[in-house]
Every structure is written in structure tokens, then in C-alpha cells.
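So that the names make sense, note that chain A is the first sequence line, chain B the second, and so on, each numbered from 1.
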2 protein chains.
Amino acid sequence: MSADLGYLSIAEAAARFRNRTLSPVEVVEALLDRIDALDGRLHAYLAVMAESAMAEARQSEQELLAGQDRGPLHGIPIALKDLYATAGTLTTAGSPVLADWVPEEDATVVTLLRQAGAVNLGKLTMHEFAFGPPALDDPYPPARNPWNLDHVPGGSSSGSGAALAAGLCLGSLGSDTGGSIRGPASFCGITGLKPTYGRVSRAGVVPLAWSLDHVGPMTRSAEDCALMLQAIAGYDPKDPASSPAPVPDYRATLGQGLAGVRLGVCRPYFLDHEALDPDVRQGVEQAIAELRGAGASVVEVGLPHAEQARIANTVIMLAEAYAYHEQTLQTRGHLFGKRLRLRLLEGGLLRASDYLQAQRTRSLFQEELGAALRQVDVLITPTSVRPASSWATFDPAATARDPSYTAPFNLTGVPVLSVPCGFSAAGLPLGMQIVGRSLDEATVLRVGHAYQQLTDWHTRQPAGLG
Amino acid sequence: MSADLGYLSIAEAAARFRNRTLSPVEVVEALLDRIDALDGRLHAYLAVMAESAMAEARQSEQELLAGQDRGPLHGIPIALKDLYATAGTLTTAGSPVLADWVPEEDATVVTLLRQAGAVNLGKLTMHEFAFGPPALDDPYPPARNPWNLDHVPGGSSSGSGAALAAGLCLGSLGSDTGGSIRGPASFCGITGLKPTYGRVSRAGVVPLAWSLDHVGPMTRSAEDCALMLQAIAGYDPKDPASSPAPVPDYRATLGQGLAGVRLGVCRPYFLDHEALDPDVRQGVEQAIAELRGAGASVVEVGLPHAEQARIANTVIMLAEAYAYHEQTLQTRGHLFGKRLRLRLLEGGLLRASDYLQAQRTRSLFQEELGAALRQVDVLITPTSVRPASSWATFDPAATARDPSYTAPFNLTGVPVLSVPCGFSAAGLPLGMQIVGRSLDEATVLRVGHAYQQLTDWHTRQPAGLG
């Protein structure tokens, strides 16, 4: 089994395809073998599409040999969280409600990845309808954390995080409504990007909460996120929230380094909070010191309504999720997993004014964050309050009391990259967020890339997977 | 008393100021006399600002004589619905809740009108917080319909409609959340424009329902609406919904006529509905025939969800109005008029999912209307189901059951002009709507102007006012 090929970055694989030291067929074969060997314990995949993946790999190989180069994703094996519609293939969103749903059309981003030549290995495990909390007796078996199988991988893009950490794909698409890309990225030691709201089309992606849903790449590095984002970003008339803003060349600015970059930190909520795990704090402080050592400056900024923003995000998410599922709850409610059904029904108890006051908090926090981001280029925060919990001690109620470092940025729609920034004493990955201005993914990726040039956390591999 | 000066159009007054056959001081004096003589019975004004108006008129006169020409509104006496903040002057929104509110700053559009040289005659009567229904025992005495004092003037911009119909100002600003500009325009025989959502700033305007609120001009003619819109349209960073789209020259296209213009009609809801008053229908059918005779073509379009759109508009309005007033209701609820308080409290009973399902209907109807407006240049509909009711027979419950020809276009945010199109057998004005594409006020105004070149309904004056 070729662990090495499983842990290639997209950029490395693309380079080796072009200098002919490697072929898409070799990589896809190696990854399918690896999935076969490991995924029985990891449950990262809900469905492996071995046959079509091999056909796509062979086609990519032939095209590349013939000089028909579709760009850096050509021949790259990726996998999709199972809420992306794939034409002719089951798309479950992790729920028995959609157990038999075979979409007729690909999601827009799936089409874009196909056009870019990416090879689809299969559909990845996720929390039911992206709305956890997960449990070991969920309708579909939950993904495990490759760094410690007794620990949660984070969610809701749990399979995406686990598959990357275990070397079972080179890139993946997740989705993020309150932190569902960045949480598993942090817990699994990989890199995940929540792009700006509207930057990437959500047409054909099963919604959780319209006004908070973002889709984006999960990869091994900031550079790989840039490559995937380049392929999927852009206007789509099928998504009413899609932005018409032009898409820059993300790779062009990736290597511009840290000189002159102003990093914002907001200590009270994001670094000095009593709930923050000391290992996480230490990892992020160390990272800030390294970024500063490489030329960035650090500025304190105020975000006094961050906690209210977290609560507003929860209220809006509950209300919109209930509204989306209301009819199904009334007609086929028994099909939902028990925990999800109860959580959705909570959303049905919210009043219109709860929702609207949360939207007013949103406007307030958008202004506050906008003011902070006029003082600095990016904000640096931890991604999660603590490293991955064990299944035995995982407590959704505690999560609901903790600060959230991810949700405030769903509320505001700004781009955020999560990058690995070390390990806890127990050997679990730690994650750091780089938060940028609206539509300024370029700077977020540039800072992440610079950090990954200074450190090698993103290249570490869990031991003992076999 | 100079009735003639009260019924000048803005365009005529502006021309006469420049050929020196009339001065701003003469017009303002005449109008203040007229208000003095008539408004005791009409209650169009909540506050007349005689002293500052005369000072502004004198300043305008001097500037014009000195060749400092601020454009077509220079020296024109206008008046403001009393929900526009005016620095240093009481702004009540028609409610005892704001009986003592003296804003520190002008609303953005008030500033823009001042810069354009308009003279502010005073603050106009309105339904409490723009959310009727009105009654004769309301906290502030309601405006009467100048065409028949026993009839309602429509609302919530009731004073604006009444003041124009009675020749007590040459132009006015209203606001429109479900029809509050167009309804009184129709009932009072004047012209009113609800511009595209976001086209005119709402900063400093007391809100009713954020996502449905529009502000716009009420005048004697489409041409005058164009002149006022030109002065107030444009981006304002103080209004989060403000559109950055450039503002065209509305007057430049006003005279282009009807050749080649495609008019859409949707018969089932808007012309063949059983609730539609036969006089209204007859007036609009006649107007369509006249437009066709002058070169326009007529196309049938489908809007099958118009009634759902009306209901969605009501739900969203109730929910947002409650959320805005929630804190005041809890702490000083006794200050609201009884009818308004009960209506607001209804909004507090709505669930978040009621609101969100209404928003989903909104998306659906936006697509439906967008498709219709790709087939035609404008839609033609009646403005109101029937002419103004008498105070004795006015029944808010019936209004709630009737179709609404105005509210579906608040939901979609497209521009709509209401123009007078005849009189009922009882001598009450009838109104017709011209509904355009988003940001295409130019075409809406052009069709309205062409119609007003063909007809003289907009020049009629109520008899017997004295």
C-alpha cells in the first residue's frame, strides 16, 4: 500500500503528472487500494466509485499524454461530501430521508471539477443533513478521526477531514454553515477554506441554512485550496446568492510572503477566553510569533459582539434548517435520525422575531467586523476551542455553551482558511483560522501558504493506520 | 387664494422661475395661504414650517436671480411624510411613541432635496408608523380625501396624497411597504413612484419592514416624479440595502413615446378578479386601449403566484414590524394607538418558519415576475381593487381579504408608477400601475409620461375645496 501517494499534495501530483514520473492511473489505483484497506475502520466514504474513478483516471492519463492539459486538477483524485448532487449516483446528505435519491444533474461545482479533469473517488460521510451532532449509533456509521480512532473527526464534513488525514484522497469538497469545513480541518490536521458567501455556487448542494451555507475545498495545503478554489469559484445564475465579482488568479499572489501584512488578534474572545484549551492557545500564539518573525505585524482589534454573533448564527441556522425540512418533518418525520429530528423541531419553536433579532445582530456584527478588517489584512484566531474530543467524552451540550470561533464568520460571510498549527500533548492536531475581507481569498491563502512554508504541520501523517 | 399656483407641476413652476414670470416666494406664499385656508378640514399636514419655508423660498429666489441654479427642484415647495427625519424638527411617524422626537440629522434624501434647492413646507400626516389601518379616532387626526372629505385618502402616505390633490404642495416624499405610496396616489388622483428597492436611500427614514420598505416621490405627473427621483436616487453607504448601480438621466428618455413598447397584462389576478370594482377595470382597460392606440403592443403574461406573494408580503411585514417595535411594545406599549398595538402584537405570534416560508414564496415569485418581465417592458395593472371607501364603510378586514395589486411588487422590489386613469361613477379617482424591471425606472416613467401626454386625468382638480 502506497501511503506516499495518498499524502501527495495536489500541486506535487500535478507536477509529477507533467514530468511523467507519475500517472493519474497509478495514484487512483493506490488510493482505491488504500480506501479498501483502511476505510472499514475509518468510515470516511459512504460510497466508493471505483469503476468510474478508474475510467476517469485512464481518460485523464490519455488526455495528458496527448497534451490536452485541463490544468492543475487534471487527473487529481478528489472526493465529495455526500450532499453534492452527482448525476446518476446516490446522494444521501447522510440521511435516511434521501436514502434513495439519485439526482439527475450534477451540482454546478461537480460539473466544474469534472471540466477541470478531477477524478471523483466517491461520496464522503457527513453528519446527517450537515447538522450533527453525530453519535456512534447514527443512521450511517460516523467517520473516525485518523489521528485517534476513539476521537471525533469534527463535522459536519467529517468524512472529508478523515479521508484527507488518512491519505484517502488528495482533495475534497466540504460545506460550512457554522464551521463544518474548518472544524474537521482543525481536528484532522488538514487545511480547509470557507470562501466568501456567494463566491462558490451552491446550486445542487443540499442546503442546511440558506443565508449561512458556504461550500469550499478541503485539502492538504493552502496552495491546494487555491488550486481547487480557482476551479470552482465564479458566478452561477442557478445560485441566487452567487456573486458576479470577477475571480482573481489565486496562485499568482500565493508566494508574496508576509512583509507588510497586518494580522489582527482579538484576545478577549479568541485567545484569552477561559474555555480555550491551553494547548490550542499555545499553538496559535506560537504561530502568531512565527508569522511576526517572518515580517507580519500584529494589531489588537475589538470584536465585542462575537459571542452574540455565535448565538445569532445558531438561531438563524435552526430557523432556516427547520423551514427547509418542515414539510418532510410533517409527512415523513420518522425517517430522520432521532437526534436530528429533535434538533430540527427546536427550530420550529423559534418566533419570527427571534430570527429577525438574530438578523439584526448579524448587521451589527458585520459592521463591527468590517471596521476591524479595515485596520488589518487578516485576523488570526484558533479554529476550535479544544482539540477533538473522544467519542466517550464528546458532549454536544458543552459545545453549545462554548465560544465558537467559526460561526461568527458564517454570519458575516467573509473568507476563512483553517490551517494545522501543531499538536496537543495527546497528539491531536490543532488548527488556526486566517480570516479575511469579503472576496479577498487571495490574501487569506497567501498568509496560509506563507505559514506553511515556515512550518510543516500540514505535512504530518497519523501513525499506526497501517 | 391662488388655486392655480397650488396645482402647478414642478416642471411648469421650474420653467416659470427661469423665465421670471413667477418666483419661489410667490408660490410658497400662495401655498402657505392655501394650507391655512384648507388644511383645517383636510389634516394633510401635521406640522407646517411656514417661517423656514419662507426663508428657503427667499434664498432660492436670490440664488436663481444670481444665476446659481441648483436644477429643476430649486425653489419648489415640497412636503415630507412625517417619517423622514428632519434635523431640529419633530418627526413623529404619526405615533405618540415619537411625539417628542427631534432628530439631530436629516434623512439622506432630505439632505439631497435641500441640496437641490427644494423648499420644505412641512411634515405630512400618515398612518401611525406607516402601518394603518387608520380611523377617525386615531392618535393624530387622519387626513381626508380632497375629492370627497367623507372618503379615505388611502395610506399610509395619506397626507402626501391629500396635500397634492388639494394643491397644498407641488411634490412630496412618501414611503411604500405594501402600497403606501401607490394606494394614496390612486385614491387621491395623483402620481406616485415606488422606485426599485435600494435605489433611494432609507437612512433616516423610520422603518416599517426593512426588506420591503421603499421611499419615493409623489407628485402631479410622471415627469415630476422623474425630476424628484433624479435628485434623490443613488448609492448611500448609510443604507445597507442601497444599490451602487449608476443613476441614469431619467428626463433624457422621458419623451421617447410608446412605439415598440410591450405592455404585459395578467388578466386572472389583475383584471378579471371577481373582487375588482367594474369602474376600476373599465378605467384600466380604457388606458390599455389608449396606450395600444399610441403604438404599444399588449402581451398576456402569467403570474400564478401573485396572491401567495400578497400573503407573503403581509407575513414579512408583520414579522419585521414586530421585531422593530418589540422592545418599545414591551416597555412603553401603552403609547401606541390601540389598533396599531394589536396589529403589531399579531406579528409577535408568527413563527420563524412562517417568516421563512414567506421568504421562499418571495424567491419563487421573484423568478416568476422576472420571467414575465423578460417577455415585456412593463406590466399594466390597476393600483387598487376599488376607489376610495367612505370612512363609514371602510373595512380593514375586507382589505385583508381582497387581492393586493401593490404588495407583490414590494416583495420583488421592482419599480412601479401609479398614475390616475379616470374617475368612478361617484367621481372618485382611479389609478393604474406601470410595473417595470429592476432598476428600470426610466421605462416606467417614460410609459407614464406618454400616457399623461395622451390623457389629462392627472391635471384634474377636486371641486368645492374653496
inquiry  = Assess the residue pair B:Y322 and A:R351 against the criterion (side chain to side chain contact (heavy atoms under 4.5 Å, CB included)); give the C-alpha distance rounded to whole Å, side-chain angles, the decisive distance to 0.1 Å, and a yes or no.
reply    = CA-CA 11 Å; B:Y322 175 81; A:R351 296 173 315 144; 3.7 Å; yes

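- Other residues, nucleotides and ligands contribute at most 12 non-hydrogen atoms within 6.0 Å of the CD atom of B:E104.
- At a threshold of 4.0 Å, the pair A:R360-B:E326 does not count as salt-bridged, since none of the basic side-chain nitrogens sits closer than that to a carboxylate oxygen.
- More than 12 heavy atoms of other residues, nucleotides or ligands sit less than 6.0 Å from atom CD of A:Q330.
- Within the model, atoms OG of A:S353 and CD of B:E320 stand 12.0 Å from one another, a figure rounded to the nearest 0.5 Å.
- When every heavy atom of B:L356 is checked against every heavy atom of A:A323, the shortest pair comes out as CB-CB, 3.6 Å.
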